[in-house]
Amino acid sequence: MIPEIGHFALIIALFLALCLGVLPIIGAARDNAVLSDTARPLAYGQFVLLAIAFLCLTYAFVADDFSVLYVAHHSNSQLPVIYKISAVWGGHEGSLLLWAFLLGGWILAVAVYSKHLPGEMVARVLGVMGLVSVGFLLFMLLTSNPFDRLLPAAADGRDLNPLLQDPGLVIHPPMLYMGYVGFSVAFAFAIAALLGGRLDATWARWSRPWTTVAWVFMTAGISIGSWWAYYELGWGGWWFWDPVENASFMPWLIGTALIHSLAVTEKRGAFKSWTVLLAIAAFSLSLLGTFLVRSGVLTSVHSFAADPKRGIFILSFLVVVIGASLLLFAWRAPKIGLGGKFDLLSREALLLSNNVLLSVATASVFIGTLYPLFMDALGYGKLSVGPPYFEAVFVPLIVPMVLMMGLGPLARWKKFALPELAKRVRWAFASALLIALLLPLTMGEWSAMIALGLLLAFWIIATMILSLHERLGGHGNFMQRARGQSLSYYGTQVAHLGVAIFIIGVTLVSGYETERDVRMDVGDTLQAGGYEFRFNGVTDVQGPNYTAAKGRVSVSKNGKPVTELFPEKRQYHTSGMPMTEAAISTGFLGDLYVSLGEPIPGSTGAWAVRVYIKPFVDWIWAGTLLMGLGGVLAVSDRRYRMRRRTTTNILAAGSK
Amino acid sequence: MARFILPFVIFMIVATFLYVGLGLNPREVPSPLVGKPAPEFSLPQLYEPDKQLSLQDMKGQVWLFNVWASWCTACEYEHPLFMELSRRNTVPIYGMNYKDKPEDAKAWLRRHGNPYTLVVSDAEGRVGIDYGVYGVPETYLIDKQGVIRYKRIGGVTEKDLSETILPLVKELQAK
């Protein structure tokens with residue numbers, strides 16, 4: 001009965017979404033306030049129904065209702081309860097329901113926190129979001145209903161993929177989806193502005209905090225995914241340029257360009273049409289990501305079971321949504337006008353250049369991701385593009401981007417004089433260069449790539465210190481001046497510092513990591529990176545739904561014990577899938593990482609053991625954390641006090 | 001106007017490619033080994049482990065080389081086809097038992113029937129690496145000169161057999 005209620009709630013939600021997508025937009029076009037005013041109640045109603053559907057599916061999981069096909073495929077009675085709940089989004093159908101539910105949540109948030117906006121704008125924004133919702137609900141009901149019954153019911157479920165039975169994977173998809181779906185708000189504002197023909201800076205001001213919040217979620221979602229891959233997959237890597245990772249990275253890059261572009265549009269009225277296009281592109285790439293993951297056109301570790309019918313549906317949906325938006329853009333954008341003028345040497349120009357670089361970076365990821373598909377479609381056969389391509393195109397783009405990033409916050413709007421700016425930053429550059437040249441000497445081998453990476457990172461840090469010094473330094477009351485700066489100024493600095501910390505992590509871990517892959521008998525020792533690893537054998541342990549071989553490795557340095565590590569090799573009962581659980585000792589200066597390979601056949605207790613020393617690897621995620629924190633500071637700015645509650649509210653909704 | 005329509009045009013081109021892409025299977029990877037000499041091997045026979053079989057012994061005949069294992073469920077689906085093929089006696093089938101225990105393999109053949117002229121054991125999967133085996137079952141068609149002419153990843157279907165493998169066998173045997 002409960003699953004039928006969920007199914008029914010979805011059908012009514014679709015009906016309400018249809019009304020939401022049609023009535024308010026007609027109302028706004030015809031100045032009919034009665035129709036326009038339907039937007040809010042419809043948004044509330046839709047959210048309630050989607051919440052009911054979501055709760056029904058969650059209930060089916062928690063209650064082990066294996067007469068629901070989706071539950072039977074993705075759960076098992078032995079599964080711990082927390083993973084039963086996260087299994088709701090562990091497969092295609094349920095993750096779509098999560099998408100739809102979160103979209104409903106964003107629509108609700110916009111409906112609640114838009115009281116200060118003109119009624120016709122609200123009607124259009126909610127209407128556009130309603131249309132997006134129609135697409136996803138139709139997709140779910142026509143091709144991927146999570147409430148389909150399995151009769152007769154299965155005795156027990158097939159279990160959740162053991163890879164997904166992990167705390168990281170409990171929160172990674174909801175965070176990432178909050179980001180994907182959140183870009184629909186900026187998209188809806190852009191489309192509403194195009195529809196209404198009001199392309200002044202106001203739409204940018206309204207959509208800016210929403211975009212930043214979505215970007216923060218996305219940053220967090222991607223970082224958690226990367227952190228998960230690092231400790232869970234047992235390869236010691238943190239980014240693999242897998243098509244699905246790229247699918248989330250592309251909207252993030254464009255989203256980053258968008259939040260900077262929105263700042264310029266709001267403050268200076270410049271690049272108006274460019275900002276609209278970025279808003280459309282960020283959400284389009286989110287939709288494209290959905291298509292890539294769910295249609296089976298690309299091979300990836302993340303792909304859901306492919307079904308051509310689903311592929312056709314999402315592709316048609318993409319063509320309708322993106323195609324219509326871009327046509328609307330082509331029709332309305334020429335009337336936008338150029339907006340505020342700026343000089344070739346100005347903060348606007350620096351931001352625009354970085355926008356272009358971010359877009360080029362996105363395009364290069366896009367091409368690398370879809371290249372195998374293009375070649376195959378043209379009949380040139382199968383091939384794949386790996387990390388070498390991405391690294392080769394990315395580094396040259398990052399260098400100028402970071403150099404300008406340091407200058408951006410220091411430069412003046414409209415026009416600056418190059419000699420004056422050069423004079424201001426000369427000490428910052430000199431000290432960054434000095435550190436970059438000397439620091440690698442103290443860490444081991446000197447290489448040009450490491451020095452370059454460090455130069456970029458310390459350039460950001462040095463210019464940041466310079467900016468703080470210029471704003472807060474001098475005689476008088478320091479605290480007063482510090483309080484006088486806006487939170488969004490600090491947000492920018494913190495986020496940029498995050499980029500610097502991230503670059504330091506990436507540079508040092510790729511430059512100085514040590515990897516050893518050896519056969520170890522019980523009692524064997526291994527020297528790596530100044531540490532001694534002693535393998536003390538393996539014991540069998542019993543988990544809630546798996547059996548594991550648990551290794552014990554003691555680590556010492558110069559004869560002094562440092563830590564003990566317990567890597568596991570798990571065998572999950574239901575799926576029979578073996579899983580590697582790496583043991584990691586995290587430290588400020590780096591990680592010690594041990595994972596178990598395979599037992600050596602014919603030996604007495606010997607195993608293939610993999611040991612990594614990863615200097616500064618955690619700085620990668622510390623950096624992304626700071627970037628996200630920067631975003632949080634920016635939306636907490638006084639200007640958004642009205643909307644401050646929005647953010648906390650969304651944060652609360654996201655953690656549900 | 002023209003430059004504002006550009007994003008739309010680019011998007012439609014991409015969408016067309018995506019549409020074509022839907023009809024293609026990214027997992028269908030042609031083997032780099034097709035058309036190349038089969039990698040050398042010398043492996044113990046399953047039933048007489050002290051006797052070896054090597055690629056050299058096979059020269060001069062067209063033969064199918066089927067990689068299977070007792071733990072492989074997909075092998076059970078293609079197995080009846082090989083049973084029938086062996087009764088027809090058109091082409092000899094040699095089996096390579098991959099990463100398996102000899103007892104398990106023999107028990108499996110007792111239960112499902114043995115279509116193989118000879119079975120060799122690749123218990124550690126070393127020859128499997130040379131042949132680029134990344135999933136069981138896999139089937140190779142090797143000609144009189146020892147060149148791989150066809151490779152099937154995954155279970156052989158009736159259609160593969162009647163439309164591709166058998167015509168190719170006929171052609172190669174006539175050479």
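Keep in mind the model is a prediction, meaning the values are calculated, not measured. So that the names make sense, note that chain A is the first sequence line, chain B the second, and so on, each numbered from 1. Values below: every heavy atom of this structure, side chains too, minus hydrogens, waters and symmetry copies.
A:Ile322 touches chain B through backbone and side chain together, each having a heavy atom under 4.5 Å away. With a threshold of 4.5 angstrom between heavy atoms, A:Leu277 approaches chain B through side-chain atoms but not through N, CA, C or O.
Looking at heavy atoms from C-beta onward, A:Leu315 lies in side-chain contact with B:Tyr19 at the 4.5 angstrom threshold.
When all heavy atoms of B:Phe11 and A:Gly323 are compared, the closest pair comes out as CE2-N, 3.6 Å. Residues B:Phe8 and A:Leu327 share a closest heavy-atom pair of CE1-CG, 3.5 Å. A:Ala330 approaches B:Phe4 most closely through the heavy-atom pair CB-O, 3.4 Å.
For B:Lys101, the NZ atom counts as loosely surrounded, since its 6.0 Å shell holds 12 or fewer non-hydrogen atoms of other residues, nucleotides or ligands. The environment of B:Lys170 atom NZ is sparse: at most 12 non-hydrogen atoms of other residues, nucleotides or ligands sit within 6.0 angstrom.
The CD1 atom of B:Ile5 sits 8.5 Å away from the CG atom of A:Leu326 when rounded to the nearest 0.5 Å.
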